[in-house]
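Here, residue 1 is the first one in the sequence, and each next residue gets the next number.
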Amino acid sequence: MPLPRPRTVLLVAGAGTALLARRALRKRVAASPLWPMPALEEPTSGRSGRGATTTRRLLVTGRSTPAEGVVQLRLEGPGLPRWEPGAHIDLVLPSGAVRQYSLCGDPADPGTYTVAVRLAEDGRGGSREAHAHVHEGEEVGVRGPRNRFPLVEADAYLFVAGGIGITPVLPMLRAVAGSGVPWRLLYGGRSRATMPFLDEIEKLGVDGDRVTVVPQDTSGHPDVTAALAALAPGTAVYVCGPGPLRDAVAAALPDGCTLHLERFAAGAPGEADSGAFEVELRRSGRTVRVAAGQSVLAAVREELPHVSYSCEQGFCGTCQQRVLDGEIDHRDELLTDAERADSMLLCVSRCRGGRLVLDL
């Protein structure tokens, strides 16, 4: 039998040497006290497994202006998950920025999501991008839907909306309008011209004078105390709008009524436990200091730039990380009670003491 050519013999020998080297390396790694950090479980940080984080590409098939400074976008695509009143989506803008908008269309309309975006000149730029760069015929990314503001069964309803806060309420009004259950709406805004969906809303409430519209330029602020004063026990009160409006409703809520809130901004930091603290990054062997007014995310990314994030407002879950030790000051609007036991969203939540230990 002829011998293999020298080139073939060299390749086989090289492969055998490499195999032996890899085996030796694995033995050294297994014996090392520093690898793979045997005191820790398998890394789970940043892997929440939320189906809602899957991004779909939807086509913008309609764009309209339901009020001054408000653009309405109709998004279409195949196989869209069903949704119920109160749900919202994450809209992934062309720049990659992610913003949350309530669905204000018809849940029975398959393959279509509709959102309305008010232009916020003093915002972080998401609404400006939606107004300037999202046009009919283009595609945008969408994640969700999610629903933290569901319409529950109740004996009666009072809806309180301020400005663009009407968007999650509108599908609720459509749902209860023909149900026979008593309901009322208190709707405030800067002016009638800036209040979207007024025509449809006033038609829904024409029977029984159910809708009270309060334009600030002619009528001042809504009288929340008067609206809640005569509520019957068992009434579900839904409010979406600016912080002062939500606070006023919460303060005037009668006994026996339930309060349901929707907000798209992280909870305001409290006076206590908002100072500086340390965060140990256990797997990386580093410790970072989080300054007062600085997010944990910002401090961590100075050391670990690869840490993922998106909305920076505690809604999307991208920056969820496992906490190994320390008391968490949760300020997000997403995590379940079970998740809060051992994880946090780095973009908004903080520490209730001097130190946190992250699985990073």
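- A side-chain donor from one of T55 and R143 sits under 3.5 Å from a side-chain acceptor of the other.
- The residues D217 and R192 are annotated as not salt-bridged, no charged nitrogen and carboxylate oxygen being separated by less than 4.0 angstrom.
- Judged by distance alone, the side chain of R350 and the main-chain N or O of R331 form no donor-acceptor pair under 3.5 Å.
- A donor-acceptor pair under 3.5 Å links the side-chain atoms of H330 to the main chain of R340, judged by distance alone.
- Atom CD of Q72 is separated from atom OG1 of T65 by 9.0 Å, given to the nearest 0.5 angstrom.
- Checked by atom type and distance alone, the side chain of R322 never pairs as donor or acceptor with a backbone atom of L358 at under 3.5 Å.
- Checked by atom type and distance alone, the side chain of R289 never pairs as donor or acceptor with a backbone atom of V279 at under 3.5 Å.
- Atom CD of Q321 sits about 14.0 Å away from atom OH of Y309, to the nearest 0.5 Å.
- Results of the side-chain contact (heavy atoms from CB on, under 4.5 Å) test with V224 over D247, V239, V249 single out V249 as the only residue that passes.
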What's the verdict on side-chain contact (heavy atoms from CB on, under 4.5 Å) for L253 and T258, showing C-alpha distance, side-chain angles and the deciding distance? CA-CA 8 Å; L253 186 72; T258 58; over 6 Å; no
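- With hydrogens and angles disregarded, no donor-acceptor distance shorter than 3.5 Å links the side chain of S349 to the backbone of L346.
- Here the CD atom belonging to E136 is positioned 9.5 Å from the CZ atom belonging to R63, to the nearest 0.5 angstrom.
- The existence of a salt bridge linking R283 and D359 is confirmed by a sub-4.0 Å separation between a basic side-chain nitrogen and an acidic carboxylate oxygen.
- Ion pairing of R74 with D109 is present here, as a side-chain N (NZ or NE/NH1/NH2) and a carboxylate O approach within less than 4.0 Å.
- Looking at R99, its side chain never comes within 3.5 Å of a backbone N or O of D90 through a donor-acceptor pair.
- In this structure a side-chain-to-backbone donor-acceptor pair under 3.5 Å is missing from S308 to C319.
- Within the model, atoms CG of L103 and OG1 of T167 stand 9.0 Å from one another, a figure rounded to the nearest 0.5 Å.
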Evaluate side-chain contact (heavy atoms from CB on, under 4.5 Å) for W83 paired with N147, printing each intermediate quantity in order. CA-CA 8 Å; W83 61 279; N147 198 341; over 6 Å; no
Show your reasoning for whether ring-ring contact (aromatic ring centres under 6.0 Å, His included) applies to Y238 and F149. CA-CA 9 Å; Y238 281 78; F149 195 46; 5.3 Å; yes
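- With hydrogens and angles left out, the side-chain atoms of T287 and E280 include no donor and acceptor closer than 3.5 Å.
- We find that R56 and E139 are not joined by a salt bridge, their nearest charged nitrogen and carboxylate oxygen being 4.0 Å or further apart.
- The closest side-chain heavy-atom distance from F277 to R355 is not below 4.5 Å.
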Between L75 and L59, is a side-chain contact (heavy atoms from CB on, under 4.5 Å) present by the stated rule, with each step listed? CA-CA 5 Å; L75 314 173; L59 182 66; over 6 Å; no
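- A donor-acceptor pair shorter than 3.5 Å can be found between the side chains of E129 and S95.
- To the nearest 0.5 Å, atoms CG (L73) and CG (L58) are separated by 11.5 Å.
- For R128 (side chain) and H133 (main-chain N/O), no donor-acceptor pair under 3.5 Å exists by modelled atom type.
- Put simply, CD on Q100 and CG on L91 are 9.5 Å apart, with the number rounded to the nearest 0.5 Å.
- Panel note: side chain H88, backbone V115; no donor-acceptor pair is recorded below 3.5 Å.
- The one candidate from V296, D329, D332 that meets the side-chain contact (heavy atoms from CB on, under 4.5 Å) condition with V348 is D332.
- Within the 4.5 Å cutoff, the side chain of E278 has no heavy atoms near those of the C351 side chain.
- The main-chain N or O of A232 is found under 3.5 Å from a side-chain atom of T235 such that the two form a donor-acceptor pair.
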